[in-house]
Student: 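Below you will find the structure I want to go over with you.
In what follows, chains are A, B, ... by sequence order, proteins preceding strands, each numbered from 1.
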Protein chains: 2
Amino acid sequence: MPDHEREMEIVHLLRAATVELGLHSARFASRNGMHPTDVRALIALMDASRSGSDAEMTAGRLGALLGLNSAGTTAVVDRLERLGHVRRVRDERDRRRVLVEIDERAVELGWAFFGPLIGRAVELLEGYDERELAAIRGFLTGVRDAAAGANR
Amino acid sequence: MPDHEREMEIVHLLRAATVELGLHSARFASRNGMHPTDVRALIALMDASRSGSDAEMTAGRLGALLGLNSAGTTAVVDRLERLGHVRRVRDERDRRRVLVEIDERAVELGWAFFGPLIGRAVELLEGYDERELAAIRGFLTGVRDAAAGANR
DNA sequence: CCGAGTATCTCGCTGAACGAGATAATAGGC
DNA sequence: GCCTATTATCTCGTTCAGCGAGATACTCGG
């Protein structure tokens, strides 16, 4: 069995990076009177509207993404609505559904906090050539898929 | 301002990977009757004993690493002790302190669950040459430090 | 050997998330 | 066009992680 010292170092780096990113999110949460779950919800909403595929997010879909049951989902949306970060809008086509819309100021709040970190990451990436970027992309894609696929 | 589409794609990949890794940990937690915090505690204990620097972990140090106050720390150690994953050992040199030792079977449990994912990551990394590995290492290091340093 | 300091634990409380079930709206069979 | 099954969300009551305050146990310098 070869010794994987170099590879294991990177695996631990990845874990350390995820831990720090998690703590960074937690700082954003507590600094704005939110819970980690609320931040995850905001990020999910921003993702949905950016990737545009299905720009409108229902309460149910949001809850499923966060792994919450319906009661918990209601509570998250309540908290975010109370802080003015989202609005509940009845879907006129299917009036059973409630669309959750993110407020523009919540998006700005997020950018103000996470922007510098994202900017730093982009800056780092600009220092690499095509082949190096492909390696980073390939590794992250592989890890994401391995973690996502291992749920059986 | 250049358009950073390629770089932003990687930033989002990183975030997606961290989300999936977090969900993977959560699966380990709920499958073993633990809370996410308990898993973080076990990982912190394993890290400490692996990096060896200061192999013995006190209750207080563990709580600080997890960002818990003393009451919460006591509760985490209580839960892990009840499950048999850790032992409390009074430090004979300074009898105010309680050393938290991880049980060998908890380590095995962790390896059984996270081993395949780690193995897959190592496998991915084996497909890259020195320069590509350096790029991955450099990017992860930079992101970790940027996230850790941005707490002011 | 006493008082200040340090490490951990106990108690009572708040609030996130859960399970069960209520409410409201839609869709399809007849 | 109505009635039933289905879907989406919300309400109620409970559990339990984590917090603040303070109690307890131990150490160490003067």
Student: Tell me the interatomic distance from A/E92, atom CD, to C/dA25, atom P, rounded to whole angstroms.
Tutor: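 Taking atom P of C/dA25 as the reference, CD of A/E92 is at 11 Å.
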Student: Calculate the interatomic distance between B/L68 atom CG and C/dA7 atom P; express it in whole Å.
Tutor: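 Rounded to the whole Å, the gap is 17 Å.
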Student: Between B/L99 and A/T73, which is nearer to the 5' end of DNA chain C once each is assigned its nearest nucleotide?
Tutor: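 The residue closer to the strand's 5' end, by nearest nucleotide, is B/L99.
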Student: Between C1' on C/dA17 and CG on A/D38, what's the gap in Å once rounded to a whole number?
Tutor: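 Distance, rounded to whole Å: 12 Å.
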Student: Going from CD1 on A/I10 to NE2 on A/H4, what distance comes out if it is rounded to the nearest 0.5 angstrom?
Tutor: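 It comes to 12.5 Å.
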Student: Strictly distance-based, threshold 3.5 Å: is any side-chain N or O of B/N69 a donor or acceptor partner for the main-chain N or O of B/A71?
Tutor: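 At least one qualifying donor-acceptor pair exists.
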Student: Between residues 77-90 of chain A and DNA chain C, which residues have a heavy-atom gap below 4.0 Å?
Tutor: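 Contacting residues: A/R79.
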Student: B/R131: what forms a salt bridge (Lys or Arg N to Asp or Glu O under 4.0 Å) with it, not counting sequence neighbours?
Tutor: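 B/R131: salt bridge (Lys or Arg N to Asp or Glu O under 4.0 Å) contacts with A/D129, A/E132.
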Student: Donor-acceptor pair, distance only, cut-off 3.5 Å: does the side chain of B/R90 make one with the backbone of B/R96?
Tutor: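 Yes; judged by distance alone, with no hydrogens or angles, the pair exists.
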Student: With respect to the side chain of B/V76, which nucleotide from D/dG18, C/dT8, C/dT26 is positioned closest?
Tutor: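 Closest of the options to the side chain of B/V76: D/dG18.
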Student: Assuming nearest nucleotide by heavy-atom distance, tell me which of A/T37 and B/T58 is located more 5' along DNA chain C.
Tutor: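 First, find each residue's nearest nucleotide; the 5'-ward one identifies B/T58.
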Student: Taking B/M8's backbone N and O only, do any of them form a donor-acceptor pair with B/H12's side chain (distance below 3.5 Å, no angle check)?
Tutor: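 Looks like yes, one N/O pair under 3.5 Å.
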Student: Shorter than 3.5 Å, N or O on both sides, protein versus nucleotides 1-7 of chain D: list them out with atom names.
Tutor:
| residue | atom | partner | partner atom | Å |
| --- | --- | --- | --- | --- |
| D/dT7 | O4' | A/R96 | NH1 | 3.2 |
| D/dT7 | O2 | A/R96 | NH1 | 3.4 |

Student: Starting at CZ of A/R95 and ending at P of C/dA27, how long is that distance when rounded to a whole Å?
Tutor: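 Checked: the CZ to P distance equals 13 Å.
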Student: Is it true that a side-chain atom of A/R40 and a backbone atom of A/L66 form a donor plus acceptor pair closer than 3.5 Å?
Tutor: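 At least one qualifying donor-acceptor pair exists.
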Student: Please examine the side chains of B/L21 and A/L14, heavy atoms only from C-beta on, and report whether any two atoms are closer than 4.5 Å.
Tutor: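 With C-beta onward as the side chain, the pair touches.
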Student: Within the sub-3.5 Å range, which N or O atoms of nucleotides 20-22 of chain C have a protein N or O partner, and how far apart are they?
Tutor:
none

Student: Over all strands shown, is A/G67 touching base, sugar-phosphate only, or nothing at heavy-atom distances under 4.0 angstrom?
Tutor: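 If one applies the 4.0 Å heavy-atom cut-off, A/G67 turns out to touch the sugar-phosphate alone, with no base involved.
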Student: Quick one: does B/S25's side chain have a donor or acceptor within less than 3.5 Å of a partner on B/G22's backbone?
Tutor: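 Not at all, since once roles are kept as given, no pair shorter than 3.5 Å links the two residues.
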Student: What is the distance, to the nearest angstrom, from the CG atom on A/L66 to the P atom on C/dC18?
Tutor: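 Rounding to the nearest Å, CG of A/L66 and P of C/dC18 are 10 Å apart.
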Student: Output a table of donor-acceptor pairs, distance under 3.5 Å, between side-chain atoms of residues 104-125 of chain B and any protein atom two or more places apart or on a different chain; print 'none' if there are none.
Tutor:
| residue | atom | partner | partner atom | Å |
| --- | --- | --- | --- | --- |
| B/R105 | NE | B/D103 | OD1 | 3.4 |
| B/R120 | NH1 | B/E123 | OE2 | 3.1 |

Student: Can you check the B/M57 CE to C/dA7 C1' distance for me, whole Å?
Tutor: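 Atom CE in B/M57 sits about 15 Å away from atom C1' in C/dA7.
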Student: Suppose the criterion is salt bridge (charged side-chain N to carboxylate O under 4.0 Å, His left out): which pairs have a residue in residues 9-18 of chain A, not counting sequence neighbours?
Tutor: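 Salt bridge (charged side-chain N to carboxylate O under 4.0 Å, His left out) check on residues 9-18 of chain A returns A/E9-B/R137, A/R15-B/D47.
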Student: Taking NE2 from B/H35 and P from D/dG18, how many angstroms apart are they, rounded to a whole number?
Tutor: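 Those two atoms, NE2 and P, are 8 Å apart.
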Student: Atom CE of B/M34 to atom C1' of D/dC16: distance rounded to whole Å?
Tutor: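 Distance, rounded to whole Å: 17 Å.
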Student: Could you pick out which residue, A/D94 or A/A75, lies toward the 5' side of DNA chain D when each is mapped onto its nearest nucleotide?
Tutor: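 Taking each residue's closest nucleotide, the earlier one in sequence belongs to A/D94.
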Student: Hey, does A/D91 have a side-chain heavy atom less than 4.5 Å from the side chain of A/T58?
Tutor: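 A side-chain contact is absent here, since even the closest heavy-atom pair is not under 4.5 Å.
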Student: Looking at A/D145 and A/G142, would you say the former's side chain and the latter's main chain have a donor-acceptor pair under 3.5 Å?
Tutor: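 Absent.
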